[in-house]
Participant: 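Here it is: the structure, laid out below.
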Amino acid sequence: QVQLVESGGGLVQAGGSLRLSCAASRSIFSISRMGWYRQAPGKQRELVTSITSGGRTNYAESVKGRFTTSRDSAKNTVYLQMDSLKPEDTAIYYCNAYEILGIGAQRNYWGQGTQVTVSS
């Protein structure tokens with residue numbers, strides 16, 4: 001079981017920056033992969049970025065070069081640094097944890113979401 005608490009959303013002008021935080025209820029090294037998804041009004045939820053327990057990261061093409069994910073193991077926290085924000089980045093951002101429990105067993109956990117609004 002993993003509980004996730006998100007924070008850091010808000011309103012920012014285009015070209016500005018925000019940093020989102022996701023605090024997990026236990027060591028992030030025990031979680032196979034953590035990441036960020038986002039969902040805009042009328043749109044499906046999409047993967048923004050992810051980071052494995054080994055530190056490997058990947059990013060959606062739309063955010064490469066602008067967003068960076070990182071972690072602080074002492075705080076059991078994963079961050080999403082968002083720079084050069086665009087209006088199309090406006091969405092609710094959700095933290096996700098993927099956990100492998102055993103052979104053929106896995107679970108996904110979700111935070112409650114934090115709103116990011118980018119104005120032009």
Side-chain angles (χ1 to χ4, degrees):
Q1 183 72 34
V2 181
Q3 293 175 302
L4 304 172
V5 179
E6 301 151 330
S7 62
L11 174 65
V12 65
Q13 294 183 9
S17 299
L18 285 173
R19 189 179 75 163
L20 307 184
S21 299
C22 175
S25 59
R26 59 177 173 85
S27 173
I28 58 177
F29 290 115
S30 68
I31 303 171
S32 296
R33 182 173 63 247
M34 297 190 68
W36 294 91
Y37 288 71
R38 67 185 181 187
Q39 187 167 26
K43 301 292 185 180
Q44 63 188 38
R45 189 172 299 185
E46 64 174 346
L47 175 66
V48 177
T49 184
S50 66
I51 182 168
T52 70
S53 60
R56 293 183 176 180
T57 59
N58 65 74
Y59 299 88
E61 288 294 328
S62 60
V63 306
K64 284 184 178 179
R66 300 188 298 119
F67 291 10
T68 305
T69 189
S70 61
R71 62 188 181 185
D72 184 338
S73 59
K75 297 180 179 179
N76 293 337
T77 299
V78 173
Y79 301 97
L80 179 63
Q81 178 67 43
M82 304 184 293
D83 298 319
S84 301
L85 283 162
K86 304 174 180 180
E88 50 263 45
D89 295 319
T90 296
I92 300 175
Y93 284 70
Y94 297 90
C95 184
N96 166 262
Y98 172 77
E99 186 179 39
I100 298 175
L101 303 177
I103 300 175
Q106 55 84 28
R107 290 181 181 176
N108 274 294
Y109 302 92
W110 297 92
Q112 296 185 39
T114 184
Q115 177 70 46
V116 172
T117 303
V118 184
S119 64
S120 59

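Everything numeric in this text was worked out from a predicted model, so none of it was measured.
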Participant: Is any side-chain heavy atom of Asp83 less than 4.5 Å from a side-chain heavy atom of Gln81?
Facilitator: yes
Participant: Which heavy-atom pair separates Asp89 from Ser84 by the least distance, and what is that distance?
Facilitator: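 Heavy atoms of Asp89 and Ser84 come nearest at OD2-O, 4.5 Å.
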Participant: Would you say Val116 and Tyr59 are hydrophobically clustered, going by side-chain heavy atoms of ILVMFWY under 4.5 Å?
Facilitator: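 Result: yes, single cluster for both.
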Participant: Could you check whether any side-chain N or O of Thr90 sits under 3.5 Å from a backbone N or O of Val118, counting only pairs where one atom can act as donor and the other as acceptor?
Facilitator: yes
Participant: Write down the atom of Ser120, the atom of Pro87, and the distance for their closest heavy-atom approach.
Facilitator: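 Looks like CB-CG, 4.1 Å.
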Participant: I want to check a possible cation-pi pair here: Arg45 against Tyr37, using under 6.0 Å from ring centre and within 45° of the ring axis as the test.
Facilitator: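 Judged by the rule (NZ or CZ under 6.0 Å from the ring centre, within 45° of its axis), Arg45 is not positioned above Tyr37.
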Participant: Please check if Trp36 and Tyr94 belong to a single hydrophobic cluster, counting links between Ile, Leu, Val, Met, Phe, Trp and Tyr side chain heavy atoms closer than 4.5 Å.
Facilitator: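 Hydrophobic grouping puts Trp36 apart from Tyr94.
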Participant: Are Arg107 and Val2 close enough, and set up right, to give a side-chain contact (heavy atoms from CB on, under 4.5 Å), and what steps lead you there?
Facilitator: CA-CA 10 Å; Arg107 290 181 181 176; Val2 181; over 6 Å; no
Participant: Run the numbers on Ser27 and Asn76 for side-chain contact (heavy atoms from CB on, under 4.5 Å), then give the verdict.
Facilitator: CA-CA 5 Å; Ser27 173; Asn76 293 337; 4.2 Å; yes
Participant: With a 6.0 Å cut-off (strictly less than), is the heavy-atom count around CD of Glu46, excluding the residue itself, greater than 12?
Facilitator: yes
Participant: A quick test of your reading: do over 12 heavy atoms of other residues, nucleotides or ligands sit less than 6.0 Å from CD of Gln13?
Facilitator: no
Participant: Report the distance from atom CG of Leu85 to atom CZ of Phe67, rounding to the nearest 0.5 Å.
Facilitator: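 CZ of Phe67 is found 5.0 Å from CG of Leu85.
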Participant: When you compare the side chain of Leu80 with that of Thr49, does any pair of heavy atoms fall below 4.5 Å?
Facilitator: yes
Participant: Between Ser50 (side chain) and Met34 (backbone), is there a donor-acceptor pair under 3.5 Å?
Facilitator: no
Participant: Following the transitive rule for hydrophobic clusters with a side-chain heavy-atom cut-off under 4.5 Å over Ile, Leu, Val, Met, Phe, Trp and Tyr, establish whether Leu11 and Ile92 coincide in one cluster.
Facilitator: no
Participant: Verify, without hydrogens or angle tests, whether Arg33 (side chain) and Asn96 (backbone) share a donor-acceptor contact under 3.5 angstrom.
Facilitator: no
Participant: State the CZ-CE distance between Arg19 and Met82, to the nearest 0.5 angstrom.
Facilitator: 11.5 Å
Participant: Are Tyr98 and Tyr93 connected in the hydrophobic side-chain network, where two residues link if heavy atoms are under 4.5 Å apart?
Facilitator: no
Participant: Would Ile28 and Ile51 count as a side-chain contact (heavy atoms from CB on, under 4.5 Å) if you check the C-alpha gap in whole Å, the side-chain angles of each, and the deciding distance to 0.1 Å?
Facilitator: CA-CA 10 Å; Ile28 58 177; Ile51 182 168; over 6 Å; no
Participant: What's the separation between atom CZ in Arg71 and atom OG1 in Thr52, rounded to the nearest 0.5 Å?
Facilitator: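 Nearest 0.5 Å value for the CZ-OG1 distance: 7.0 Å.
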Participant: Let me check something: do Leu18 and Val78 share a hydrophobic cluster, defined by ILVMFWY side-chain heavy atoms less than 4.5 Å apart, either directly or through other members?
Facilitator: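 Yes, Leu18 and Val78 fall within the same hydrophobic cluster.
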Participant: How close do Ile31 and Ser53 get, heavy atom to heavy atom, and via which atoms?
Facilitator: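 It is O-CB, 3.3 Å.
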Participant: Ignoring hydrogens and geometry, is there a side-chain-to-backbone donor-acceptor pair from Gln112 to Glu6 under 3.5 Å?
Facilitator: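 Checking the backbone N and O of Glu6 against the side chain of Gln112, no donor-acceptor pair under 3.5 Å is found.
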Participant: Which value, rounded to the nearest 0.5 Å, describes the distance between Thr77 atom OG1 and Leu4 atom CG?
Facilitator: 10.5 Å
Participant: Between Thr69 and Tyr79, is there a donor-acceptor pair closer than 3.5 Å when you use the side chain of the first and the backbone of the second?
Facilitator: yes
Participant: In Å and rounded to the nearest 0.5 Å, what is the CD to SG distance from Gln3 to Cys95?
Facilitator: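 Gln3 atom CD to Cys95 atom SG measures 12.5 Å (nearest 0.5 Å).
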Participant: Between atom CZ of Arg66 and atom OG of Ser17, what is the distance when rounded to the nearest 0.5 Å?
Facilitator: 10.5 Å
